[in-house]
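Everything on this sheet refers to the single structure shown next.
Note that ligands are numbered from 1 as they come in the structure, with each ligand's atoms numbered from 1 the same way. These numbers were taken from a predicted model, which means no experiment stands behind them. Along the sequence shown, the residues carry numbers beginning at 1.
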Amino acid sequence: MSRLWDKGEPLDARILRYCAGEDHRLDERLVGYDVTASIAHARMLAACELLSPQDCDAIVTGLQALGEAHAAGTWQIGLEDEDCHTALETRLTARIGDAGGRVHLGRSRNDQVLTALRLYLLDTLEGLAAQAEEVAGALDRLAVRQGEVALPGYTHMQPAMPSSVALWAGGFATEFRDDAAALRRVRHRAGLNPLGSAAGYGVPGLPLDREMTAEALGFDAVHSPVTAVQLSRGKAESELLFQLTLTLNDLARLAADLLLYYTHEFGFVSLPESMTTGSSIMPQKRNPDVFELLRGAVATGLGALNEALGIVLKLSSGYHRDLQRLKAPLFRGIDLATDSLAIAAVALDGVVFHPEKIRLIEELHAAERANALVLAEGIPFREAYRRVGATLKRG
Ligand code: ARG
């Protein structure tokens, strides 16, 4: 199989392999989106009279068949294909002949990859946001089951104020809903149509209709001018990874609380046996590994964010092959967040609080007593604070 850009010169297989990198594996998830984008591109070419209706039909039918066959697992991208774009065009031409060679008029893999990635991102944003809301829903259910259970509220890990399971769970639920809203807002970067920017400088001499592909593909607007498109690669990716890092950190902080509550010494919560793991040497162990792995996941998210930011840092304008390296941290971050949010919702449904084990010391009410003095006697808060402090000292 040859590259789209092959000009007949012999190529060093080692260079090709290194340049293709992981693309043949990573691009598997982009195939369906590249098919959708290519169909919209072909229809636009036909509408602009740059492609005959017959060739357009052959291209659309051929791409649809290839997309279905790929989804059914009939073919995969090979290392020799380089990437999903080459894999599709090569197979399309093998299937429908010369018409296949007409689909690439007015585009480059540089705008093609961004289009497929953005369509994938738009789907993924919605999925991740819905998952964050599911975690919030699991916290709501916990509050319904046991919301009235009193908890010490901690600051500096010291007992501070009276709290409850409803307050504790409600705080996290609000943050996961905020995470969902922030994830959806990444659309302002992912929702722009790159098609028609081609290699980064448009298609001089070709009257393309960029609005038409934007509408067909569900983008909110055309990304223009054409030179903005390659400057933006990595920004939606980094913004998503940033929001995912914040989301993963909410999971980590939730897990940190539950791990403390699960210790033998606290014993505030239990987990069903089916959600704990054992030790190979200590028969008594029931370990809360799921929450430890949730706590640890944010480090990987942060690593992916740093990697994505680092790839685009200080690049001059236009396309550079460096940009291909964005896909690995992007997909790693997305997959980790997808798995982590899914398991968090499952694990939360297994958490049970044990009120009889929750020690609530009198001092938790110290600030409340000072407030009561202010209301009853009209004294300044500072004086009430000192009076309560003095009684606590004597006590
Ligand atoms: N796999 C490439 C990427 O992700 C596709 C674009 C390749 N373009 C090029 N001019 N070599 O960036």
Side-chain angles (χ1 to χ4, degrees), residues 1-7 9 11-38 41 63 70 76-92 101 103-122 124 189-190 192-204 213 223 226-238 240-241 304 307-335:
M1 196 128 356
S2 65
R3 265 61 51 188
L4 298 174
W5 42 267
D6 252 349
K7 295 173 193 75
E9 302 295 325
L11 295 159
D12 187 321
R14 294 164 302 180
I15 301 287
L16 269 180
R17 171 176 269 278
Y18 184 76
C19 293
E22 300 177 275
D23 255 23
H24 60 288
R25 207 169 42 74
L26 295 175
D27 276 16
E28 281 289 319
R29 72 178 76 192
L30 297 180
V31 170
Y33 297 103
D34 204 37
V35 165
T36 305
S38 297
H41 176 72
L63 283 170
H70 181 266
Q76 276 113 37
I77 308 166
L79 176 65
E80 67 288 355
D81 291 318
E82 259 198 322
D83 52 34
C84 65
H85 324 294
T86 310
L88 276 168
E89 191 177 322
T90 315
R91 283 166 180 75
L92 180 66
V103 70
H104 208 61
L105 177 68
R107 72 176 186 183
S108 150
R109 282 182 298 162
N110 297 356
D111 61 345
Q112 221 185 324
V113 62
L114 261 165
T115 308
L117 270 169
R118 286 184 185 173
L119 292 176
Y120 162 73
L121 281 180
L122 291 176
T124 306
R189 289 210 152 95
L192 300 176
N193 184 19
L195 273 183
S197 67
Y201 300 92
V203 282
T213 47
H223 202 164
V226 285
T227 42
V229 175
Q230 294 303 322
L231 283 172
S232 75
R233 191 161 175 195
K235 287 169 85 176
E237 290 91 328
S238 298
L240 173 59
L241 288 168
E307 194 175 329
L309 286 171
I311 289 164
V312 294
L313 213 62
K314 301 183 193 178
L315 282 183
S316 62
S317 64
Y319 176 82
H320 304 272
R321 193 71 179 265
D322 311 44
L323 298 170
Q324 173 173 296
R325 291 203 178 277
L326 283 163
K327 285 184 274 196
L330 176 68
F331 297 165
R332 196 188 316 127
I334 287 172
D335 291 350

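For ligand 1, the atoms lying closer than 4.0 Å to a non-hydrogen atom of Val113 are 4 (O). Heavy-atom contacts of Asn110 reach the following atoms of ligand 1: 6 (C), 7 (C), 8 (N), 9 (C), 10 (N) (cutoff under 4.0 Å). Interface atoms of ligand 1 facing Asp23, defined by a heavy-atom separation under 4.0 Å, are 1 (N), 2 (C). Remark: ligand 1 atoms within the under-4.0 Å shell around heavy atoms of Arg233 are 3 (C), 4 (O), 12 (O). Close contacts between ligand 1 and Tyr319 involve ligand atoms 2 (C), 3 (C), 6 (C), 7 (C), 8 (N), 9 (C), 10 (N), 12 (O) [criterion: under 4.0 Å to a heavy atom]. Of all atoms in ligand 1, numbered sequentially from 1 with element shown, those under 4.0 Å from a heavy atom of Asp83 are 1 (N), 5 (C).
For the pair Arg233 and Asp322, the salt-bridge criterion is not met [side-chain N within less than 4.0 Å of a carboxylate O].
Proximity of a side-chain donor or acceptor of Ser232 to a complementary backbone N or O of Val229 within less than 3.5 Å is detected.
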What's the verdict on side-chain hydrogen bond (donor to acceptor under 3.5 Å, both in side chains) for Ser316 and His320, showing C-alpha distance, side-chain angles and the deciding distance?
-> CA-CA 9 Å; Ser316 62; His320 304 272; 3.3 Å; yes
Between Phe331 and Tyr120, is a ring-ring contact (aromatic ring centres under 6.0 Å, His included) present by the stated rule, with each step listed?
-> CA-CA 11 Å; Phe331 297 165; Tyr120 162 73; 5.3 Å; yes
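What sits closest to atom 11 (N) of ligand 1 on the protein, heavy atoms only, is Arg109 NH2, 3.6 Å.
Arg325 places none of its side-chain heavy atoms less than 4.5 Å from the side chain of Pro329.
Using modelled atom types and a 3.5 Å distance limit, the side chains of Asp34 and Gln112 yield a donor-acceptor pair.
If you run salt bridge (Lys or Arg N to Asp or Glu O under 4.0 Å) between Glu82 and each of Arg25, Arg17, Arg109, only Arg109 comes through.
Ligand 1 lies nowhere less than 4.0 angstrom from a heavy atom belonging to Glu82. The closest approach between Lys327 and ligand 1 falls below 4.0 Å for a heavy atom of the residue.
For the pair Gln324 and ligand 1, the shortest N or O to N or O distance falls below 3.5 Å.
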